[in-house]
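Heads up, the thing below is written out as structure tokens.
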Amino acid sequence: MGFDDLLEQVGGFGRYQWLHVTLISIPGLMIASQNLLNNFVSGIPAHHCSLPANHSSLYNLSHYQVDEKQLLKAFIPMDSSGTRLDRCKRYVEPQWQLLATNHSANVSQLQTEGCLDGWTFDRSEFLSTTVSEWELVCPLRPLKQMIQTIYMGGVLAGAIIFGGLSDRFGRRSILIWSYLQLGILGCSAALSPSYSAYCVFRFLSGMAVSGVILNGVSLKVEWIPTKERTLVGTLTSFFFTFGQMILAGLAYWLRDWRKLQVVVCAPQFLFFAYSWWFSESARWLVLNRRSEDALKSLHRIAHINGKKEIIDKLTLEVLNSHMKKEMDSSRSTHTAYDLLRTRGMRRISICLLVVWFATSFAYYGLAMDLQKFGVGIYQIQLIFGAVDFPAKLMALGMLSYLGRRVSQATCLFLSALIIFANIFVPTNMQTIRTTLACLGKGFTSASFTTIYLYTGELYPTIIRQTGMGFVSTMARVGSMAAPAVLILDEVLPALPSVVYGGAAVIAGFFACFLPETLNMPLPDTIEDVEEKWSGKKNPTPCQQEEGVSLKDGGVSTEGVALKELKEAEGTGLNVL
């Protein structure tokens, strides 16, 4: 007997579960926007040095039949490619001879300087971004990537903080708080008067995003029967896919970073309003000595699912009998140390740390530099979102028939293969390079879908949120490191791809050492994990009392005799 039996009795995957899962998944539409928002909020418009303030008095256009664009050639040199104006330099003195049709000036010898009068930004693709507002270009360009790194740092901090708080205070309460925090601080970011203030708001928003994702996943998983977990876990991930496509449409429509910031954060207030309807995880309630509240939740769900006849039969005694082993285990205090204390937990945690890091590292390495593909940023965002549909359908089939371990390793190996293949495609073949990048992004997205479901199934209920928070911190480290690796293309253009692909290969090997969880009930205690996957059975407190022998896996005769003797003494009978 276990909690899955109780779920079946109150309706299995019934009406409540459908509503519950759908309402928790809808915020994924906007959470995807949060993670990729920097592509548009901090997009880099085409730009060049502003001309000297007195440039209009330095020349007489009547001498040269030129327009304003041609005039720029006298003030700004061409870049190394020779196809566009340099973004960070201008001539010290105007070079009027360059406006002549047949000039023979040696431009490499002409003296240049930085953009002393600031920059002029093109407004055809973006009306306003943080880059154009705070001039985060040329020597300040690293500050543009720093925004994303700071945001992911917030997601990392949120995974650590909210993961532990959720195991202590419950999934529902932390999820509700996270919606409110993201709504308030996300909208506040749109009012930021300075770069520093914006970074602070983005960091705190990142913390809330972590709270929404981690608690949403756990609250869904813990109310879903075993046989439906794969299908539901994969289908609900499509909300993130739609969210990426919605972001492309919103960004194209608004094109102003402050308006876009508000539009993607304001819906969090709606999610906060209806999230009070959610039921707290009954597993968590029982394991935290709140069986009465768990029973009320089960009665409520039975009523919604149309199983009213089971309400009178489902008593506190029935609930406790189903969860006795888990309740005995919960008497001890559990901390993050438990994730590495035992053999099974240690193997699972180490492997998951590597897989989470590599998946996020490769994913954000591809997704956070859309302007390099030579395709319109709005179109490539739409394509990158659409490619997730076939990728996740493929993941669904693999998860259902091949299992979690094979699916996880295969997705990582295939993404690495495609990333490596793109190294050998010439830069002028943009269509092929973009196609391969989309395929690589699709496989890393399928890997994300798998690892979220897989991690929730591997960790026991008693420390599931702590475990999710612990291993997902490496995903945040990966997402923070990914933008920094892009700088390596100045040393060698292929180097970032080698690093991203190499990380995916290593993680694929680590995934092979994870235990399989297909069609297995969720573990509720650390002892469950050790019994199922470590190859070494540890006794639970009640098993020790009843005399379960570790050596032969059976019941000790002495243990049973002792128990029977105690029972006989308690009733006044002399069995001797």
Side-chain angles (χ1 to χ4, degrees), residues 1-14 16-17 20-21 24 163-176 214-226 228-229 277-305 307 310-335 338 456-468 520-532 538-546:
M1 294 189 299
F3 187 76
D4 281 349
D5 297 321
L6 292 178
L7 282 181
E8 292 298 333
Q9 291 179 33
V10 298
F13 196 78
Y16 172 82
Q17 277 75 12
H20 177 79
V21 167
I24 290 181
L165 290 178
S166 298
D167 279 330
R168 183 175 180 182
F169 298 107
R171 287 78 161 108
R172 176 178 174 272
S173 57
I174 301 300
L175 180 61
I176 292 173
L214 293 177
N215 290 285
V217 169
S218 287
L219 207 54
K220 281 187 292 186
V221 166
E222 292 176 4
W223 276 117
I224 300 173
T226 300
E228 281 88 10
R229 283 204 309 265
W277 178 83
F278 298 151
S279 292
E280 180 57 88
S281 166
R283 295 175 184 268
W284 179 85
L285 289 170
V286 170
L287 295 176
N288 282 271
R289 324 306 295 174
R290 293 171 59 184
S291 298
E292 294 83 0
D293 293 332
L295 186 63
K296 290 179 183 178
S297 294
L298 288 168
H299 284 173
R300 175 183 179 227
I301 291 167
H303 180 80
I304 296 174
N305 286 343
K307 296 287 185 178
I310 199 67
I311 294 178
D312 292 333
K313 299 178 183 178
L314 185 54
T315 64
L316 199 58
E317 291 72 19
V318 173
L319 175 61
N320 291 337
S321 66
H322 278 73
M323 302 289 289
K324 179 174 175 55
K325 182 177 66 173
E326 291 83 354
M327 293 173 65
D328 289 336
S329 175
S330 67
R331 290 172 181 167
S332 58
T333 301
H334 293 279
T335 66
D338 292 302
E457 293 178 339
L458 285 168
Y459 280 125
T461 303
I462 195 68
I463 54 169
R464 181 166 293 122
Q465 283 303 92
T466 300
M468 288 282 288
M520 297 183 66
L522 288 178
D524 285 310
T525 68
I526 294 176
E527 287 75 15
D528 285 346
V529 173
E530 297 304 311
E531 290 174 7
K532 289 179 181 179
N538 292 336
T540 63
C542 67
Q543 285 174 326
Q544 290 176 335
E545 180 184 345
E546 295 175 4

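All values below were derived from every heavy atom in this structure, side-chain atoms included, with hydrogens, water molecules and symmetry-related copies excluded. Position 1 is the first residue of the sequence, and the numbers go up from there.
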*Around R300, counting heavy atoms of other residues, nucleotides and ligands shown, do more than 12 lie under 6.0 Å from its CZ?*
yes
*Decide yes or no for S218 and W284: does some side-chain heavy atom of the first lie under 4.5 Å from some side-chain heavy atom of the second?*
no
*Indicate yes or no: at least one non-hydrogen side-chain atom of R171 is less than 4.5 angstrom from one of L214.*
no
*Given I311, I304, I310, the one that forms side-chain contact (heavy atoms from CB on, under 4.5 Å) with K307*: I310
_Verdict with supporting geometry, R172 and N215, side-chain contact (heavy atoms from CB on, under 4.5 Å)_ = CA-CA 7 Å; R172 176 178 174 272; N215 290 285; over 6 Å; no
How close do [X] and [Y] get, counting heavy atoms only, and between which atoms?
X	Y	answer
G456	V221	O-CG1, 4.5 Å
A294	A282	CB-O, 3.8 Å
L7	P225	CD1-N, 3.9 Å
N305	Q17	ND2-OE1, 3.2 Å

*After noting the C-alpha distance and the side-chain angles of L285 and S297, does the key distance pass the side-chain contact (heavy atoms from CB on, under 4.5 Å) rule?*
CA-CA 10 Å; L285 289 170; S297 294; 4.1 Å; yes
_Tell me if a side-chain donor or acceptor on H299 pairs with a main-chain N or O of L314 at a distance below 3.5 Å._
yes
Hey, could you give me the [atom1]/[atom2] distance between [X] and [Y], rounded to the nearest 0.5 Å?
X	Y	atom1	atom2	result
S291	L316	OG	CG	5.5 Å
W223	I24	CH2	CD1	11.0 Å
K296	R290	NZ	CZ	10.0 Å
Q9	K313	CD	NZ	9.0 Å

*Show the numbers, then the answer: is there a side-chain contact (heavy atoms from CB on, under 4.5 Å) between H20 and I224?*
CA-CA 10 Å; H20 177 79; I224 300 173; over 6 Å; no
